[in-house]
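To start, the structure itself, in structure tokens.
Remember, predicted model here, so these are calculated numbers, not experimental data. Per chain, numbering begins at 1; letters A, B, ... match sequence-line order.
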There are 2 protein chains.
Amino acid sequence: MHKRYTVQDIAKRAGVTAATVSMALNNKQGVSAETKQRIVRIANELGYIPNISARALVQQRTYTLGLFIPSSPSAFLDSYFSNILRGITEVATKAGYLVSIVYEDSVHEHLTYRVDGLILTELKGRDPYVDLFRKFKIPFVSMGKVNDTLPSVDIDTQGGIMQAVKYLVSLGHRKIGFIAGPPKYHYVVNRYRSFKKALHAHGLPLEADWMSVAPNSRAGGRQAVVRLLKRVRGAPTAFLVCTDLMTVGVIDGLKDLGLDVPHDVSVIGFDDAPYAELVQPPLTTIRQDVYLSGKYAARMLIDTLEGKQSTVSVTLPVRLVRRKSTSTANDSKIYT
Amino acid sequence: MHKRYTVQDIAKRAGVTAATVSMALNNKQGVSAETKQRIVRIANELGYIPNISARALVQQRTYTLGLFIPSSPSAFLDSYFSNILRGITEVATKAGYLVSIVYEDSVHEHLTYRVDGLILTELKGRDPYVDLFRKFKIPFVSMGKVNDTLPSVDIDTQGGIMQAVKYLVSLGHRKIGFIAGPPKYHYVVNRYRSFKKALHAHGLPLEADWMSVAPNSRAGGRQAVVRLLKRVRGAPTAFLVCTDLMTVGVIDGLKDLGLDVPHDVSVIGFDDAPYAELVQPPLTTIRQDVYLSGKYAARMLIDTLEGKQSTVSVTLPVRLVRRKSTSTANDSKIYT
DNA sequence: TTGTATGCGTTATCAA
DNA sequence: TTGATAACGCATACAA
């Protein structure tokens, strides 16, 4: 690249000093309109770009946001991170921030001097990192609520699951089971709790037997539903499943047992992953807009970094997408 | 965070000067073993972490790698970026580098002072950015070969497609068509060229009519195959498709025409996207290891940044994954 | 083998 | 409203 101009270069040409240039370019008060105009013009002509490192050094800030990702993210298979990253990066860029990836393994190296704040994903129940970040006083926003005091971007899990259960009830289902992922994750227990509330709201029974836990994977879903149906009599005619990924496995498992989706059993997933409409049958699922979540998270984090008043938490809407994995209740087959 | 120690702090405690500390910590020659040992010990005790901004300022380097992503990446639906990012970040972190995301829209802001080098994805035919980066003298490694002189990490497209065609031939197919994505992308023309070569190697005819171009999307695949089969007589019994995503659409389109995959027509995809084994039928496809590609790219870029001898390009193997979208040739239906 | 001096480019403080 | 000066933390050239 040709030459990298500095405030000095601009100062010289504008017949002022570097300090004035700095003030002018940063819209500080105390610079006359004319000189400011002149300085800005010269800066543009020269294609001046400030040296972030120098600014960072004096201001003790890096102007970069970190996206914190657990080492073995369970959501890696789908496009969760692509989307969240796009949302974050879009608003961060506009605000002059860079977005960096921080993996669990390397938190310590990056904690100091590399990022001004973090956006946290896939938090676990008692997450040691939350404590670490608080101790280090590094600002963060969590994707998914941790507790009521910590800043977070959450989705309306409750509302989404309420829609799903309501829809199942409208199809005649009264016995609804739940297939859960690992309960160490916040989002998993949130989804389960919401499920319980939704059942209650509809006056439906909650049978402990109708719940099954497994890893968040296709194999997990399969295994969970097979185990459940083998041990239970008077089984559910419908299942709410923790994630779309597990839902695919649940459909496998049902098929193993000679049960057809949606003819014999209805299933509803969560997330609306890209493959949700690709699989057979296309999944009825609760869609969340991860891209939008990313934008909110970045906005909130940047606001707090810049000392602006920021909402401590937002809850974004979700909506039920009706596809082919659900139909009217049909007890005949299950009861044999 | 408690206190951030500097080289000064260490120097004071070690009874030496900051310069010596710097040299010791960076393994430069000219520091006695004892003092070096002492300095290192103190640094560890204090939990010293160097201030990257200060270092960057003096060395004119940022110690961050940029992953350059087009604004509307066609591969966004699948986990391409998640995987590549993971590969890049793993090796970058170990080498002390941070990885940042650079979107097309914001290249200019980030070009200077924010990244030391770039890893390029989804390059187009005459990519203006390549010229820009060369003009700015910013080192880069491209995912997918641009030309013979520019550093790149590529996959053995030729080998993979050869395997695929060979497999189809072994199943009795002699009339093989090709469904292509937008020819502005390098990878698309690479795949098509390899296809032509593979046909030639097996003495198979290449009919211009058996090729169809469409956007890299599910709808694109569907549309491409339907158009092709409507205008052509004596149609192919098998298709090679540019991406798994389009392959899903091709299967849709075939079904529209009353054709079953794999009974009537065989199809082979490319990439082995996460959903490749989730769809019906599970796709036979050419698998590439994007994660590994990311690791190589990061390694190469860091080597060049640090002045080490680096390979200008590597070609990683791919392999044919046989699933259910292919079977023995069956002309009966098509010919009616 | 170690110390001294200097500069990287910016912002901030204070004086003019 | 502007200028002079210092400081951020580190690395390096050169002197001791």
Thr157(A), Asp156(A), Asp271(A) screened by side chain to side chain donor-acceptor pair (under 3.5 Å) with Gln288(A), the one that passes |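 Of Thr157(A), Asp156(A), Asp271(A), side chain to side chain donor-acceptor pair (under 3.5 Å) with Gln288(A) is met by Asp271(A) alone.
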Expressed in angstrom and rounded to an integer, what is the separation of Gln60(B) atom CD from dG9(C) atom C1'?
->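 For the pair Gln60(B) CD and dG9(C) C1', the rounded distance is 9 Å.
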Atom pair distance, as rounded to whole Å: CZ in Arg114(B) and P in dG9(C) =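 One finds 17 Å between P of dG9(C) and CZ of Arg114(B), rounded.
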Check against side-chain contact (heavy atoms from CB on, under 4.5 Å), Leu120(B) and Val141(B) | CA-CA 6 Å; Leu120(B) 274 32; Val141(B) 171; over 6 Å; no
Validation row: [X], [Y] side chains within 4.5 angstrom (heavy atoms):
| X | Y | result |
| --- | --- | --- |
| Val40(B) | Leu25(B) | yes |
| Tyr185(B) | Asn216(B) | no |
| Phe68(A) | Phe133(A) | yes |

Between which nucleotides of DNA chain D, read 5' to 3', does contact with chain A run, using atoms under 4.0 Å from its heavy atoms?
->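 Answer, 5' to 3': dT1(D) to dG9(D).
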Of all residues at least two apart in sequence or in a different chain, which pass the side chain to side chain contact (heavy atoms under 4.5 Å, CB included) check with Asp131(B)?
->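 Checked Asp131(B) against side chain to side chain contact (heavy atoms under 4.5 Å, CB included); zero matches.
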Output all residues satisfying side chain to side chain contact (heavy atoms under 4.5 Å, CB included) with Ala56(A), sequence neighbours left out; order by chain, then residue number.
->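 Scan of Ala56(A) (side chain to side chain contact (heavy atoms under 4.5 Å, CB included), adjacent residues dropped) gives Ser53(B).
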In chain order, what residues pass the salt bridge (charged side-chain N to carboxylate O under 4.0 Å, His left out) check against Arg114(A), with sequence neighbours excluded?
->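 Testing Arg114(A) for salt bridge (charged side-chain N to carboxylate O under 4.0 Å, His left out), a comparison that skips the adjacent residues, returns none.
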Give the C-alpha distance, both sets of side-chain angles, the deciding distance and a yes or no for side-chain contact (heavy atoms from CB on, under 4.5 Å) between Leu85(A) and Phe81(B).
-> CA-CA 10 Å; Leu85(A) 199 52; Phe81(B) 287 110; over 6 Å; no
Just call it for Ser53(A): base, sugar-phosphate, or nothing, with non-hydrogen atoms closer than 4.0 Å on any strand.
->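 Touches nothing.
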Just checking Thr17(B): base, sugar-phosphate only, or nothing, at a heavy-atom cut-off of under 4.0 Å?
->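 Result for Thr17(B) = base.
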Between Asn51(A) and Ala33(B), which has a closest nucleotide on DNA chain C that is more 5'?
->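 Checking each residue's closest nucleotide, the 5'-ward one belongs to Ala33(B).
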If you fit an axis to the five pairs at each end of the helix from dT1(C)-dA16(D) to dA16(C)-dT1(D), how big is the angle between those two axes, to 10 degrees?
->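 It works out to 40° between the end axes.
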Which residue, Ile49(B) or Thr35(A), contacts DNA chain D at a nucleotide closer to its 5' end, judged by nearest heavy atom?
->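 Checking each residue's closest nucleotide, the 5'-ward one belongs to Thr35(A).
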Under 4.0 Å: is that the gap between some side-chain N or O of Ser32(B) and OP1 or OP2 of dT2(C)?
->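 Yes, within the criterion.
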Is there a salt bridge (Lys or Arg N to Asp or Glu O under 4.0 Å) between Arg299(A) and Asp303(A) once you walk through the steps?
-> CA-CA 6 Å; Arg299(A) 182 74 276 152; Asp303(A) 281 349; 3.6 Å; yes
Counting distance only, does the side-chain N/O of Asn147(A) pair as donor-acceptor with the main-chain N or O of Thr149(A) below 3.5 Å?
->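 Yes, the answer is positive, given that a donor and an acceptor are paired below the 3.5 Å cut-off.
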Produce a footprint string for nucleotides 11-16 of chain C: one letter per nucleotide, 5' end first; B if the base is under 4.0 Å from any protein heavy atom, S if only the sugar-phosphate is, - if neither.
-> BB----
